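Take a look at the structure set out below.
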Amino acid sequence: MQLTGHNYIAGVASAEGAETFFSVDPRNKETADLPFHSATAAEVDRAVAAAGAAFAEIRNYSSEQIANFLDEIADQIEALGDDLLHSADRETGLGLPRLTGERVRTTGQFRAFATLLRDGAYLRPIINSEQPEQPSIRQMQFPVGPVAIFAASNFPFAFAVAGGDTASALAAGCPVVVKAHPGHPATSEMFAQALSAAAAAKGFPAGTFSMLQGDGIDVGQWLVANDGIEAVGFTGSLRGGRAIYDAAARRPRPVPVYAEMGSVNPVVITQAALAERAEDIADGLVASITMGTGQFCTNPGLVLLQDSPAAQDFIAAVTEKMSAAPAGVLLNQTIAAGLESAVGQTTASPDISVLTGGEAVADSDFFCFSNTVMRTSAAAIRADDRLQVEHFGPVTLFVVCEDADDLRTTVDALEGNLTSTIHAEANELENISDLLHQLREKAGRVIWNGFPTGVAVVHAMQHGGPYPATTAPGTTSVGMNAIYRFMRPIAFQNVPDALLPDPLKDANPLGIMRLVDDVYTDGAV
Ligand code: NAP
């Protein structure tokens, strides 16, 4: 595939800006030759205007039409072939096995949404028919309009130009303008070509999809400030997500921002679990911390346990395994510098002991940071919120609690996270119930005797959580419910049947499941 280094605005390559940047191979820090053009303010405006024009058309499309478009996108991504894998591997260092799996997940997301749309019940039609003292009220979900998506650095496929946010927004019936991540611009352009080709193949307006390149915050700021954008999806740092959330709130007409940001994913291990399975838990924990060089939003960054000889042995075993594990490749210079700075700030605390690692690997050919284990006390983490900061890499912090009460008080002091995990034994279920439900308050997903990395793309998945994990804890960015970030319910009161959308008509012409007078049915009213 011929790459241009240009933005893709409503299907047309565009490079009006003088500012360029280059893709860098994290394995050898070498810069590629092709310059990528950061979008200008005028190009951002053009992409959003085209998205607005597209919305005027596609908001009338049937679920079946949109489903066919999503299937076509999956096909077009597959048609990119292994060039896509090699491009992403060169730009991220994530390795072909991981990227091969991520591609399956990415195309799978589009096809799963297509299936959801064909079933029709995702529109959530609710009908309360006319009663003597009550009007007819009927509601269903509608797309919100043009959506801005910020691609993540750590998932060049599954959370990027054609990632889950884009898939769920398009599935909702919303045009999308993506701000590509500067860590993988060539891969982003390949996806932009695939999405543009899919729009053309299915006769969708070209403005249904645009992709803007950019290295620096300007492009994103222009995009979020544009009044034509109705919602924003973001995955990345707390600092970036919060800045975008604030920018959207500052607009004369604020819009929702669905930002998935920092998370330390606390893991609690009981004494009974340690007595029974210390070696297995240590192996699983180290594999989870170092998976993908720790660059997962679900990386277990905080481990809480009660002090005991067994706990001391466990911490020593994890430390030994972490220092024996080879240092992995970090995605890019920004991630490497950010990790060094975050760990540096944490280790500056007198309450932190570094058990292994704690610094960048000197003179490495690739971007890397030593596998790091730190330790602190429960009292220290309760006294200083900064010790709960995300260290985005192969890093974990043990929090040693004096006793069960100390542990419970510390769990109460935890910030919001994407996940929380508990390792316990079957014979302590009664004792553990309160603790488990305390952990529930701190996260979007509670894991029993497992590890938080690995997020299944299924209906029941909840990938979200209280701030600072996200800015919208009532939503998920993984799984089919992700679509509702980009839809909103509209109720029709006493509107004549002929004017109602098909899913709300008396006869139920689409034959879809509806809640009619408090009963789920696919029949007519
Ligand atoms: P990032 O710095 O938050 O950037 C993500 C995207 O947002 C980029 O496109 C970036 O644009 C844009 N952006 C950042 N700040 C902005 C602002 N103030 N206004 C407008 N746009 C803005 O994330 P990253 O580059 O992927 O990695 C940096 C750090 O984020 C990591 O070290 C890690 O701590 C964290 N991170 C967390 C997760 C997670 O899932 N929890 C995932 C990835 C990264 P430019 O890059 O063009 O400036």
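In what follows, residues are counted from 1 in the order of the sequence shown. Note that the structure is a prediction, hence the values are computed from the model and not measured. Atoms within a ligand are numbered from 1 in the order they appear, just like the ligands themselves.
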Side chain, backbone, both or neither: the part of [X] lying under 4.0 Å from ligand 1 by heavy atom:
X      : answer
Ile244 : side chain
Cys297 : both
Phe296 : neither
Glu390 : side chain
Pro182 : side chain
Arg239 : neither
Asn154 : side chain

For Ile352, the option from Ile381, Val343, Asp384, Leu387 that meets side chain to side chain contact (heavy atoms under 4.5 Å, CB included)
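That would be Leu387.
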Under the 3.5 angstrom rule, does the side chain of Thr92 hit a backbone N or O of Ala88 as a donor-acceptor pair?
yes
Answer yes or no: is there a donor N or O on one side and an acceptor on the other, between the side chain of Thr346 and the main chain of Ala342, under 3.5 Å?
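Yes; at least one donor-acceptor contact below 3.5 Å.
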Between Thr372 and Gly358, which heavy-atom pair has the shortest distance, and what is it?
OG1-N, 2.8 Å
Just say parallel, tilted or perpendicular for the rings of His463 and Phe159, cut-offs at 30° and 60°.
tilted
Show every donor-acceptor pair shorter than 3.5 Å between a side-chain atom in residues 1-10 and any protein atom, with sequence neighbours excluded, or say none if there are none.
residue, atom, partner, partner atom, Å
Thr4, OG1, His6, N, 3.0
Thr4, OG1, Glu189, OE2, 2.8
Asn7, OD1, Gln213, N, 2.6
Asn7, ND2, Ser14, O, 3.2
Asn7, ND2, His37, O, 3.3
Tyr8, OH, Glu189, OE2, 3.1
Tyr8, OH, Gln193, NE2, 2.8

From Ser237, Ala180, Ala336 - option closest to atom 1 (P) of ligand 1 by heavy atom:
Ser237
Would you please determine whether Ser263 falls within less than 4.0 Å of ligand 1 on a heavy-atom basis?
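So Ser263 does not count as touching ligand 1.
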Taking only non-hydrogen atoms of Ala152, do any sit less than 4.0 angstrom from ligand 1?
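For ligand 1, residue contact (heavy atoms, under 4.0 Å) with Ala152 is absent.
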Counting from 1, what ligand 1 atoms have a heavy atom of Glu260 closer than 4.0 Å?
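Checking each atom against Glu260, I get 40 (O).
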Can you list the ligand 1 atoms lying under 4.0 Å from a non-hydrogen atom of Gly240?
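Here the atoms of ligand 1 in question are 3 (O), 14 (C), 15 (N).
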Applied to residues 82-108, the ring pair (Phe, Tyr, Trp, His ring centres under 6.0 Å) test, sequence neighbours excluded, yields none
